[in-house]
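Everything quoted here is computed from the prediction, not taken from an experiment.
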Amino acid sequence: MAVLNKIRQRGLFLIIVIALALFSFVIGDLFRNTDALVGKSQNIVATINGKDISREDFMQKVEVAQRQLGPNGTNTQAMNRVWEQEVRQAVLETQFEELGMTVEKDQMRDLLRTNLANSPEFQNEAGLFDENKLNEYIANLKETSAVAYAQWVDYENSIGVNALQQDYFNMVKAGMTGTLAEGKLEHMLESETVDIKYVQIPYTSIPDSTVSVSKSEISSYINKHKKQYEVEATRDIRYVEFKEAATVEDENNIKQDLANLLKDQVVYNEVTKNNDTIKGFATVTNHKVFVNSNSDIKFEDRFKFKSDLPASVADTIFNMNVGDVYGPYKDGNYFKLTKVIAAIQMPDSVKARHILIPYVGAASAQPDVTQSKEQAKKTADSLLSVLKKDNSKFGEFVSTYSSDQGSVANGGSYDYFTYNTMVPEFRDYVFQNNVGDMDVVETVYGYHIIEVEGQKNKQRAIKVATVGREIEPSETTINQVFRDASNFEIAIEKGDFEAVAKEKDLAVRPVNGIKVLDENIPGLGNQRAMVRWAFEEGTEVGDYKRFNLNGGYAIVQVTATNAAGLMNTEQASVTALPAIRKEKKAALIKDRISATTVEDVAAAENQTVKTALAINMKNPTISGAGKEGLVVGTAFGLKEGETSKLIEGEKGVYMVQVTKKTPAPELDNYQGFANQVGTSKMNNVNTKLYNALKEASDIEDNRANTVQ
């Protein structure tokens with residue numbers, strides 16, 4: 001009881017203690033989850049001018065973009081495409097809202113009418129757009145399918161946004177006019193010219209090796225040109241790859257397995273309790289079954305010319321007799337056995353005409369086709385019987401009966417075509433028969449009455465059966481690669497990554513400057529998981545991890561983490577070093593020159609005096625020196641006969657003397673040049689307006705934290 005009384009007396013104190021404990025627990029959890037304090041929710045991919053883009057909406061659009069890109073498109077490519085679309089839409093919508101631009105109901109109807117005018121489902125009997133049909137279509141979508149209706153709403157929104165963008169760009173273009181003053185300036189820049197004589201002391205006259213540049217000078221240069229050297233956060237890694245590649249022993253085993261297929265084999269039959277003899281490749285007659293049962297490459301039932309065979313073995317195989325076998329031989333990533341199973345004289349191209357009789361279910365059958373397969377065959381046979389007696393009716397029958405609209409206009413004829421142009425049954429008939437032959441041939445499209453009209457360049461062709469085995473690593477090799485990768489991991493736990501790799505004779509490949517949204521690792525291809533790991537919180541310099549590859553493993557180590565900001569001196573030296581050297585060389589050249597005339601400077605520096613005529617400011621190029629804007633600008637600031645001081649140009653130090661100045665002729669009217677300026681401004685709207693708006697926008701990119 002005494003204890004309970006004390007608790008009651010200190011009840012307020014206990015409540016405060018408990019409240020503080022709960023508060024510290026919540027605060028501690030917030031600090032452990034820094035996103036809750038300072039970062040965006042992981043459900044927000046980006047905030048653009050105050051507008052949030054949700055992860056759910058973003059990823060739905062990424063899925064659509066992924067399908068549009070097809071099987072070769074990566075998730076990151078789809079994500080980047082959607083990102084650019086979303087940023088563009090958000091940036092421009094900010095402008096629309098500020099200007100009060102919207103798409104009203106009547107305008108949307110006009111837009112839909114324009115976009116859907118040629119769609120049959122929204123046309124009346126006269127072929128004109130019918131708004132009532134559109135209304136019925138939308139109402140039906142709304143009642144029957146929420147998903148389809150949502151897609152329709154998205155379609156309307158996209159049309160509206162495109163219309164607003166067009167209106168906005170047109171409004172900006174309307175203000176892009178050229179004034180008469182601008183026209184006069186344009187005329188002056190094009191037409192006012194100077195003739196000069198000059199001397200150039202090229203920077204290359206001083207060897208780079210004689211001009212030293214310190215790290216502090218590079219650092220100072222970076223700070224003076226910050227915008228040029230700003231970089232995103234990056235990671236540097238290095239990796240060792242363990243490939244599951246077939247060994248020499250694996251290849252020899254594959255070759256031996258193929259060689260064993262050549263011979264007849266005796267096997268015990270568990271059902272009959274007798275020994276059965278299985279024909280080998282050299283003696284088998286059902287080549288299609290044998291190849292498809294024993295090969296990684298399916299049987300090809302077609303004739304081949306010499307040019308169709310693998311170049312390395314074409315001469316040997318093409319000259320073999322029927323029944324001869326060649327191999328095993330290596331072709332690409334396969335070992336093969338090839339047997340010649342037939343040989344004929346065959347043209348390389350054929351001209352033929354046909355009448356196609358379709359039937360219900362045939363590949364070419366239109367909805368109005370009512371003949372059954374049996375009826376179509378009977379029709380074809382009847383027509384063939386007539387044509388064999390009177391071939392002149394062929395064109396008439398084509399017009400009346402043939403469903404192949406691609407050849408009806410030509411009387412059913414296809415001009416000379418090569419072997420692989422037609423479906424197999426059609427191909428085999430026209431290439432393996434003679435000119436004038438005519439018969440009924442069935443294909444997936446129906447029954448064809450085919451007549452061979454012409455053949456060119458008859459030559460030997462062969463049919464081959466090829467058993468191919470892909471060159472793959474054996475199970476033993478795959479297990480050994482796994483052990484090698486595991487042993488390397490164990491070794492680098494205690495040893496240096498580079499040293500262990502050298503000891504095991506493994507190549508270490510460095511990859512620098514990886515960005516947070518990259519997906520491609522040089523030498524390994526698409527490895528988004530590696531990039532994510534390198535940027536994960538908790539991954540530090542020296543950490544390593546094994547990644548499964550398609551056919552092996554890579555053990556990757558982080559070698560550097562580079563924060564966003566300015567490049568380090570080593571990275572920046574690629575461009576900063578030449579620029580600083582140029583500045584220093586210019587100073588050295590200027591310090592050693594005391595002469596004040598072009599001729600004296602040329603004599604002192606062992607250079608020649610050159611001339612350049614009719615230079616204008618529109619295209620500040622000096623013949624013999626190239627584009628030198630500062631030098632040309634200086635020349636235009638001089639009077640005729642006046643000589644400049646030393647000028648630091650792009651390719652050297654210059655001194656120029658103006659020998660002639662030709663002012664631009666006065667015009668009565670500068671409207672033509674003003675129009676030229678206006679056109680140039682309007683053209684710039686299409687290429688520069690959006691980029692300028694984007695540059696001025698507040699874009700918070702949170703993709704790295706929300707998208708995998």
Heavy-atom closest contact ([X] atom, [Y] atom, distance):
X	Y	result
Ile218	Ile580	CA-CD1, 3.7 Å
Gly406	Asn410	O-ND2, 4.3 Å
Ser573	Pro578	O-CD, 3.6 Å

>> Counting the benzene-type ring for Trp, do His225 and Tyr229 have ring centres under 6.0 Å apart?
In response: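 Between His225 and Tyr229, the centre distance exceeds or equals 6.0 Å.
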
_For Tyr149 together with Trp152, are the ring centres under 6.0 Å from each other?_
no

| task | Could you check whether the rings of Phe58 and Trp83 sit parallel, tilted or perpendicular, using 30° and 60° as the cut-offs? | result |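 Ring orientation, 0 to 90° scale: perpendicular.
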
Are more than 12 heavy atoms from other residues, nucleotides or ligands located less than 6.0 Å from atom [atom1] of [X]?
X	atom1	answer
Asn118	CG	no
Glu695	CD	no
Asn223	CG	yes
Glu232	CD	no

Would you please say whether a donor-acceptor pair under 3.5 Å links the side chains of [X] and [Y]?
X	Y	value
Asp236	Thr559	no
Lys173	Asn686	yes
Glu700	Thr47	no
Thr74	Glu519	yes
Gln671	Asn675	yes
Asn135	Arg109	yes
Glu63	Gln68	no
Tyr654	Glu650	no
Asp404	Ser407	yes
Ser216	Ser214	yes
Thr418	Thr421	yes
Tyr239	Gln557	no

| said: Give me each pair satisfying side chain to side chain donor-acceptor pair (under 3.5 Å) with a member in residues 90-108, each pair once, sequence neighbours excluded. | reply: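 The answer is Asn49-Thr94, Lys51-Glu93, Gln89-Glu93, Gln95-Tyr168, Thr102-Glu104.
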
Residues Tyr137, Glu121; criterion side-chain contact (heavy atoms from CB on, under 4.5 Å); working and verdict:
CA-CA 9 Å; Tyr137 176 81; Glu121 59 189 318; 3.8 Å; yes

For Asp167, give me all partners under side-chain hydrogen bond (donor to acceptor under 3.5 Å, both in side chains), at least two apart in sequence or on another chain.
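Scan of Asp167 (side-chain hydrogen bond (donor to acceptor under 3.5 Å, both in side chains), adjacent residues dropped) gives none.
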
Donor-acceptor pair, side chain of [X] and main chain of [Y], under 3.5 angstrom:
X	Y	value
Asn684	Lys688	no
Glu642	Lys639	yes
Tyr198	Val658	no
Lys133	Gln123	yes
Asp701	Arg703	yes
Thr539	Phe535	no
Lys651	Ala625	yes

Tyr690 six-ring centre to Arg88 NZ/CZ under 6.0 Å and within 45° of normal =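 Judged by the rule (NZ or CZ under 6.0 Å from the ring centre, within 45° of its axis), Arg88 counts as positioned above Tyr690.
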
Output yes when [X] and [Y] qualify as a salt bridge under the 4.0 Å nitrogen-oxygen rule, no when they do not.
X	Y	result
Glu131	Arg113	yes
Glu182	Lys681	yes
Lys215	Glu570	no
Glu648	Lys582	no

Item checked: Test item: Met79 and Leu517 side chains (from C-beta on) under 4.5 Å apart, heavy atoms ->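 The answer is yes, as the side chains (C-beta and beyond) meet within the 4.5 Å cut-off.
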
Check your understanding: Can you find a heavy atom in the side chain of Leu112 that is under 4.5 Å from one in the side chain of Glu156?
Key -> yes

Residues Lys515, Asp518; criterion salt bridge (charged side-chain N to carboxylate O under 4.0 Å, His left out); working and verdict
CA-CA 5 Å; Lys515 297 177 183 177; Asp518 284 351; over 6 Å; no

For Lys584 and Val211, run side-chain contact (heavy atoms from CB on, under 4.5 Å): C-alpha distance rounded to whole Å, both residues' side-chain angles, the deciding distance at 0.1 Å, then the answer. CA-CA 7 Å; Lys584 288 194 166 189; Val211 181; 3.7 Å; yes

Check: Could you go step by step and tell me if Asp195 and Lys661 meet the salt bridge (charged side-chain N to carboxylate O under 4.0 Å, His left out) rule?
Finding: CA-CA 6 Å; Asp195 298 347; Lys661 292 193 78 169; over 6 Å; no

